[in-house]
Amino acid sequence: MESVLDVVETVPRGSATTYGDVAEVVGRRLGRGGPRQVGAALRDSGGAVPWWRVVNAQGRPPAHHVTRALDLLRDEGCPLVPDGSRVDLRAARVDWDEQMDLSAGSGSESV
DNA sequence: AAGGTGACTCAGG
DNA sequence: GCCTGAGCCACCT
């Protein structure tokens, strides 16, 4: 099941989300799945999804592609902290209540 | 069945 | 702000 990838794909450009948030949104559909499973799914997905928009609770991208993710995020205009070493979750964090409504009501629909 | 691992999170020092 | 320890769930050997 690619629910995780599905949620990550709904993350708009210039924004970001945390593994915990994705885990919670996905967990709401699957009933289980911890933050680690989110990362596992992303790792398995390869590059089929904007994994760089997914960061940990510290607003920091995966240790394997920190520079890569930060470069992409900065290029997309994602609100990073003054240091540019991590994402400003306070501003970048996606409001899933709104996001779900948007993704469900227009554009990225499979139909 | 049991043990080890990992794109995580939270709490404490 | 950074490091350590414990908890967590799914997957692999």
Side-chain angles (χ1 to χ4, degrees):
Chain A
M1 197 50 176
E2 57 273 46
S3 304
V4 175
L5 309 183
D6 188 42
V7 173
V8 174
E9 281 193 84
T10 61
V11 179
R13 182 171 172 279
S15 298
T17 188
T18 71
Y19 289 90
D21 277 19
V22 176
E24 197 160 312
V25 175
V26 175
R28 203 166 290 173
R29 302 170 97 169
L30 302 183
R32 68 171 141 56
R36 312 195 74 132
Q37 269 14 73
V38 178
L42 260 54
R43 197 242 291 206
D44 185 61
S45 71
V49 294
W51 53 267
W52 56 88
R53 292 180 195 154
V54 185
V55 299
N56 62 23
Q58 299 166 72
R60 210 170 74 173
H64 308 261
H65 300 266
V66 182
T67 325
R68 186 60 172 163
L70 260 49
D71 186 59
L72 288 163
L73 288 165
R74 191 175 64 177
D75 184 60
E76 295 187 343
C78 200
L80 306 178
V81 297
D83 298 86
S85 57
R86 66 180 201 231
V87 179
D88 182 10
L89 289 175
R90 193 182 57 180
R93 211 180 200 172
V94 179
D95 185 335
W96 286 113
D97 187 62
E98 286 286 301
Q99 192 53 37
M100 284 300 200
D101 185 60
L102 291 171
S103 60
S106 57
S108 313
E109 197 47 67
S110 309
V111 189

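Note on naming: letters A, B, ... go to the chains in the order of the sequence lines (proteins, then strands), and numbering restarts at 1 for each one.
Under the 4.5 Å side-chain criterion, counting only non-hydrogen atoms from C-beta, Arg53(A) is not in contact with Cys78(A). Two residues are said to be in side-chain contact when any heavy atoms from C-beta on lie closer than 4.5 Å; Leu73(A) and Leu80(A) meet this criterion.
The nearest whole Å value for the distance from the OH atom in Tyr19(A) to the P atom in dA7(B) is 9 Å. Taking atom CG of Asp44(A) as the reference point, atom P of dA7(B) lies 13 Å away to the nearest angstrom. Taking atom CG on Leu42(A) and atom P on dC9(C), their separation rounds to 20 Å, with Å as the unit. With rounding to whole Å, Gln37(A) atom CD is found 19 Å from dG7(C) atom P. Going from atom CZ of Arg43(A) over to atom P of dC12(C) covers 10 Å, rounded to whole Å. The separation between Asp21(A) atom CG and dC8(B) atom P is 15 Å, rounded to whole Å. Rounding to whole angstrom units, CG of residue Asn56(A) and P of dC10(B) are separated by 10 Å. As a whole-Å value, the separation of Arg36(A) CZ from dC11(C) C1' is 12 Å.
Set against dT9(B), dG1(C), dA7(B), the side chain of Pro35(A) has dT9(B) as its closest nucleotide. Across dG1(C), dT9(B), dA7(B), the shortest atom-to-atom separation from the side chain of Thr18(A) is found for dT9(B). Side chain of Trp51(A), nearest nucleotide from dC10(B), dC8(B), dA7(B): dA7(B).
In this structure, a donor-acceptor pair under 3.5 Å is present between the side chains of Trp52(A) and Glu76(A). Using a 3.5 Å distance cut-off with no hydrogens or angles, the side chains of Thr10(A) and Trp96(A) do not pair a donor with an acceptor.
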